[in-house]
**Student:** 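One structure is given below, represented as structure tokens, and several questions about it will come after.
No hydrogens, no waters, no symmetry mates; every other heavy atom, side chains included, goes into these values. Starting from 1, each residue takes its place in the sequence as its number.
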Amino acid sequence: MEYNKEGYVKLLAKTFKNEDEVLEEIINLKAILELPKGTEVFLSDVHGEYEPFIHVLNNGAGRIRNKIDLSYKGTLSLKERNKLATLIYYPEEKLKQIKDKKENTKEWYKDVISRLIEICRMAGGKYTRSKVRKSIPNFKYIMDELLHAPEDVGNKAEYYEAVIESIIELGIADEVIISISEAIKQMSIDHLHIVGDIYDRGIHPDYILEKLMQFHSVDIEWGNHDILWMGATLGNMACIANVIRICARYGNIRILEDTYGINMRPLSIFALDTYTEVPPKRLLPRELDYNKYSESDKIILAKIQKAIAVIQFKIEGQLIKSHPEYNMNDRLLLDKIDYEKGTVNICGIEYELNDTNFPTIDRDNPYKLTDTEKELIERLRESFMESATLNEHIKFLYAKGATYKIFNSNLLMHACIPINEDGSYTKVTLLGKTFGGKEYLDHLDKAIRKAYFEGEKESADYMWYLWCGKDSPFFGKDKMTTFEQYFINDKASHKEHKIPYYEYITKEEFCCKVLKDFGIKEEFSHIINGHVPVKAKDGESPVKANGKLLVIDGGFAKGYREKTGEAGFILSYNSYGLMLNANKTFESIQKVIETEDEVPTEIMVSDQILERKRVGDTDIGKELKEQIECLEELLGWYRKGKV
């Protein structure tokens, strides 16, 4: 431990003012070490899909339903268990439905509160009484009494029955049901990991961030889409252009205007005035079940997308030219267009363009913004940097996020580590210094924070490279072919090749080497990635390298579900081991409430350990042991009269 132990013990003496208080805390902490390890839940690539995301949190990643079945499979029908589960997941909405149907009789309330108390008691079985009490939002004293009633209540049976009857008679039964339900949900997930990509595609990344900001214990491993928004908030104009283009692509201008207060009207007017011809079909917005458009709206969004894309290509060209160390000259395409032939030359191959209407491109200086484009992007830059809500969300990403995280012997990172064809770590030059492997990710983390907290320009420029650069650990491909996908019909030009990392992660030896290089030596350890959708419908497995690596990007984003065949992977790690589930379908929260049907899941992997893990075996356990060591030192001081 790298700290002044004597100074820390002196600080402890201010909290624990006598020998008895120290003894009490040592006994408490040593007892906590023997409790079962809490449940961790891992999600990745939620991409703004708030409803399936919140449903996973509300059902405790499937743990709540397991507890209901364990308690009531023999006494309640499947329909009754479904109803109880839905009530816990969405208590306010379900109570309204029940009252509308006039099902909320006194006997119903008594039965439900008793059952909820039993489920809550099970959920809190691995925690201290103090922690259980803290998880209860309201009526803590009443709930504490009911939760800790002995199995054989004996002479106090009438007492506990009177408590429940008083709750009903005083008209607070609904509030008590909501409070117990919230406590069950909180205790079902002890810690939440978001392995990257909260933003883009889905319409409510803002709702997801607001929920995470309220969540009791969470960490985030930044994804490339998160990095893009972080860069935009710093004022990186290439990042800003990409953010706006993707929002137009997925019909999510709302988040820019309504949530973050960014005025899109000037860009819309410019796009409609400048691009009078109908854009190519590839620029039409993606349509999903929540964003249907009229034909005229599709054209408007396509023109906005084209206008900002051209601005993006120009700004990116300027960045590439001013940073030769990025080695991205192959992405300079605007100067390769032959307007007479209607073609573009990419790496020596000539491709036919589906559109040559680029009125703002100066053929002699193609990467120069027009005065109007420059004014537009400057105004947008100010809006991004000054948006209070956006800055609040991004500040949270910095506070809880990192390039990677080691937690309970698992290595979490969104995408990859840049490696060469021979499996060695790629040496990457970052702000004048060259690093590889863990050292690169560590220095990258510092640079990302320096860009935000110190306004360091070189680091802010680098945020765009991290979005789409070949050696970015957040991207993992040789190039991003946005221009080709928009303006070339030949799909051969659209191909983005993955870096060698994605071949090596199938090899157990490689994964073990990476874990060792990151200081993880325990046998029961894993690398956990997101980023690359697992095409389960084609037989691809999320489990790689004999179980040493798990890829948990399973299709939360509706735009990916045709490829994956799933609706998101859910990885959980409790005291018995790891379990990876795949959501098979998810339509809406409203349907869950109305039908009371559980969203089906399929167990993809169950990696159980022989000996149940306890708090003492975890990272938190290590911290508690260090605290116990210092408290024992303080105890010795008290007994020797040093304090």
**Student:** Going by atom types alone, do Asp197 and His414 pair a side-chain donor with an acceptor below 3.5 Å?
**Tutor:** yes

**Student:** Does Arg249 use its side chain to pair, donor to acceptor, with the backbone of Leu284 at less than 3.5 Å?
**Tutor:**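 Looks like yes, one N/O pair under 3.5 Å.
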
**Student:** Pick out which of Ile194, Thr233, Leu209, Ile227 makes a side-chain contact (heavy atoms from CB on, under 4.5 Å) with Leu397.
**Tutor:**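 That would be Leu209.
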
**Student:** Check Val56, Ile552, Asn59 against Ile570 for a side-chain contact (heavy atoms from CB on, under 4.5 Å) and give me the one that passes.
**Tutor:**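 The side-chain contact (heavy atoms from CB on, under 4.5 Å) with Ile570 is passed solely by Val56 among Val56, Ile552, Asn59.
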
**Student:** Can you see which heavy atom on Asn410 is nearest to which on Leu412, and at what distance?
**Tutor:**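 Residues Asn410 and Leu412, closest heavy atoms: O-CD1, 3.5 Å.
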
**Student:** Do you know the tightest heavy-atom contact between Cys247 and Ile255?
**Tutor:** SG-CG2, 4.0 Å

**Student:** Should Asp200 and Tyr250 be marked as a side chain to side chain donor-acceptor pair (under 3.5 Å) after you check the CA-CA gap, both sets of side-chain angles, and the distance that decides it?
**Tutor:** CA-CA 8 Å; Asp200 292 331; Tyr250 286 87; over 6 Å; no

**Student:** Charged N to carboxylate O below 4.0 Å: is that the case for Glu484 and Lys491?
**Tutor:**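 No, Glu484 and Lys491 are not salt-bridged.
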
**Student:** Identify whether the distance between the nearest side-chain nitrogen and carboxylate oxygen of Lys306 and Asp355 falls below 4.0 Å.
**Tutor:**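 The answer is yes: the pair qualifies as a salt bridge.
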
**Student:** Does the distance from a Lys or Arg side-chain N to an Asp or Glu carboxylate O, for Asp445 and Arg449, drop under 4.0 Å?
**Tutor:** yes

**Student:** Mind telling me whether Phe407 and His191 have parallel, tilted or perpendicular rings, with 30° and 60° as the class edges?
**Tutor:** parallel

**Student:** Below 4.0 angstrom, N of the basic side chain to O of the carboxylate: do Glu386 and Arg379 qualify?
**Tutor:** no

**Student:** What I want to find out is whether Glu295 reaches Lys298 closely enough, with some N-O distance under 4.0 Å, to be called a salt bridge.
**Tutor:**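 Yes, Glu295 and Lys298 are salt-bridged.
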
**Student:** Side-chain donor-acceptor contacts of residues 267-279 below 3.5 Å, not counting sequence neighbours, with atom names and distances?
**Tutor:**
unit_1 : atom_1 : unit_2 : atom_2 : d
Ser268 : OG     : Met264 : O      : 3.0
Thr274 : OG1    : Phe270 : O      : 2.7

**Student:** First locate atom CD1 of Ile320, then atom CG of Asp330, and finally report the distance between them rounded to the nearest 0.5 Å.
**Tutor:**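 Atom-to-atom, Ile320:CD1 and Asp330:CG are 7.5 Å apart.
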
**Student:** With a 4.5 Å cut-off on side-chain heavy atoms, are Asn489 and Tyr351 touching?
**Tutor:**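 Not in contact.
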
**Student:** Are Phe483 and Phe313 an aromatic pair, judged by ring center distance below 6.0 Å?
**Tutor:** yes

**Student:** Side chains of Glu352 and Ile488: does their closest heavy-atom pair fall under 4.5 Å?
**Tutor:**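 Glu352 vs Ile488: side chains apart.
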
**Student:** To the nearest 0.5 Å, what is the distance between CD1 on Ile448 and OH on Tyr462?
**Tutor:**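 Reported value, rounded in 0.5 Å steps: 9.5 Å.
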
**Student:** What pair of heavy atoms forms the shortest contact from Ile589 to Glu51, and how long is it?
**Tutor:**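 Reported closest heavy-atom pair: N-OE1, 2.9 Å.
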
**Student:** Taking C-beta and beyond as the side chain, do Leu444 and Leu466 meet within less than 4.5 Å on heavy atoms?
**Tutor:** yes

**Student:** In terms of side-chain heavy atoms, does Glu456 have a donor or acceptor partner in Ser459 at a distance below 3.5 Å?
**Tutor:** yes

**Student:** Going through the distances and angles, do Trp229 and Leu234 end up as a side-chain contact (heavy atoms from CB on, under 4.5 Å)?
**Tutor:** CA-CA 9 Å; Trp229 281 78; Leu234 292 170; over 6 Å; no

**Student:** Establish, from distance only, whether the side-chain atoms of Thr259 and Asp206 form a donor-acceptor pair under 3.5 Å.
**Tutor:** yes

**Student:** For residues Glu496 and Thr481, is any side-chain donor paired with an opposing acceptor at under 3.5 Å?
**Tutor:** yes

**Student:** I'd like to know if the side chain of Glu594 pairs up with that of Gln590 as donor and acceptor (distance under 3.5 Å, no hydrogens or angles considered).
**Tutor:**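 A donor-acceptor contact under 3.5 Å links the two side chains.
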
**Student:** Is the side chain of Asn529 donor-acceptor paired with the backbone N or O of Met413 at a distance under 3.5 Å, no angle test?
**Tutor:**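 It does hold such a pair.
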
**Student:** Determine, step by step, whether Lys185 and Glu182 satisfy the salt bridge (charged side-chain N to carboxylate O under 4.0 Å, His left out) criterion, reporting the C-alpha distance in whole Å, the side-chain angles of both residues, the deciding distance to 0.1 Å, and the verdict.
**Tutor:** CA-CA 5 Å; Lys185 288 185 282 192; Glu182 292 305 317; 3.0 Å; yes

**Student:** Any side-chain donor-acceptor pair under 3.5 Å between Thr434 and Thr429?
**Tutor:** yes

**Student:** Without hydrogens or angle criteria, can the side chains of His193 and Glu40 be said to hold a donor-acceptor pair below 3.5 Å?
**Tutor:** yes

**Student:** State, without any angle test, whether Tyr260 and Asn391 hold a side-chain donor-acceptor pair at a distance under 3.5 Å.
**Tutor:**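 No donor-acceptor contact under 3.5 Å links the two side chains.
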
**Student:** Which heavy atom in Pro473 sits nearest to a heavy atom in Pro418, and how many Å separate them?
**Tutor:** CB-CD, 4.0 Å

**Student:** Without swapping roles, check the side chain of His531 against the backbone of Phe475 for a donor-acceptor pair under 3.5 Å.
**Tutor:**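 Between the backbone of Phe475 and the side chain of His531 there is a qualifying donor-acceptor contact (under 3.5 Å).
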
**Student:** Do the side-chain N and O atoms of Ser294 and Ser296 include a donor-acceptor pair separated by under 3.5 angstrom?
**Tutor:**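 Note: Ser294 and Ser296 side chains meet the donor-acceptor criterion.
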
**Student:** Does His393 have its ring centroid less than 6.0 Å away from the ring centroid of Phe396?
**Tutor:**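 Here the rings of Phe396 and His393 have centres that are no less than 6.0 Å from each other.
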
**Student:** To the nearest 0.5 Å, how far apart are NZ in Lys336 and SG in Cys347?
**Tutor:** 9.0 Å

**Student:** Evaluate Phe518 against Tyr404 for ring-ring contact (aromatic ring centres under 6.0 Å, His included), listing each step before the verdict.
**Tutor:** CA-CA 10 Å; Phe518 277 78; Tyr404 70 91; 5.0 Å; yes

**Student:** Strictly distance-based, threshold 3.5 Å: is any side-chain N or O of Asp226 a donor or acceptor partner for the main-chain N or O of Ile198?
**Tutor:**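 Yes, Asp226 side chain to Ile198 backbone: donor-acceptor pair under 3.5 Å.
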
**Student:** Output yes when a side-chain donor or acceptor of Ser472 lies under 3.5 Å from a complementary backbone atom of Cys468, and no otherwise.
**Tutor:** no

**Student:** Establish, yes or no, whether the cationic atom of Arg282 lies under 6.0 Å from the six-membered ring centre of Phe487 and within 45° of the ring axis.
**Tutor:** no

**Student:** Sorted by first residue and then second, give each ring pair (Phe, Tyr, Trp, His ring centres under 6.0 Å) pair with at least one member in residues 206-227; sequence neighbours left out.
**Tutor:** His47-His225, Tyr50-Tyr207, His204-Tyr207, Trp222-Tyr398, His225-Trp467

**Student:** Less than 6.0 Å separating the ring centroids of His55 and Tyr89?
**Tutor:**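 Aromatic pair counts; centres sit under 6.0 Å.
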
**Student:** Does either side chain, that of Thr360 or that of Glu373, offer a donor lying less than 3.5 Å from an acceptor on the other one?
**Tutor:** yes

**Student:** Going by atom types only, do Gln305 and Tyr486 share a side-chain donor-acceptor pair under 3.5 Å?
**Tutor:**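 Gln305 vs Tyr486: donor-acceptor pair found between side chains.
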
**Student:** If you take all heavy atoms of Phe556 and Ser44, which pair is closest and at what distance?
**Tutor:**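 Heavy-atom minimum between the residues: CD1-O, 3.8 Å.
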
**Student:** Do Gln312 and Asn242 meet the criterion of a side-chain donor-acceptor pair at a distance under 3.5 Å?
**Tutor:** yes

**Student:** Would you call Leu369 and Lys314 a side-chain contact if the rule is heavy atoms closer than 4.5 Å?
**Tutor:** yes

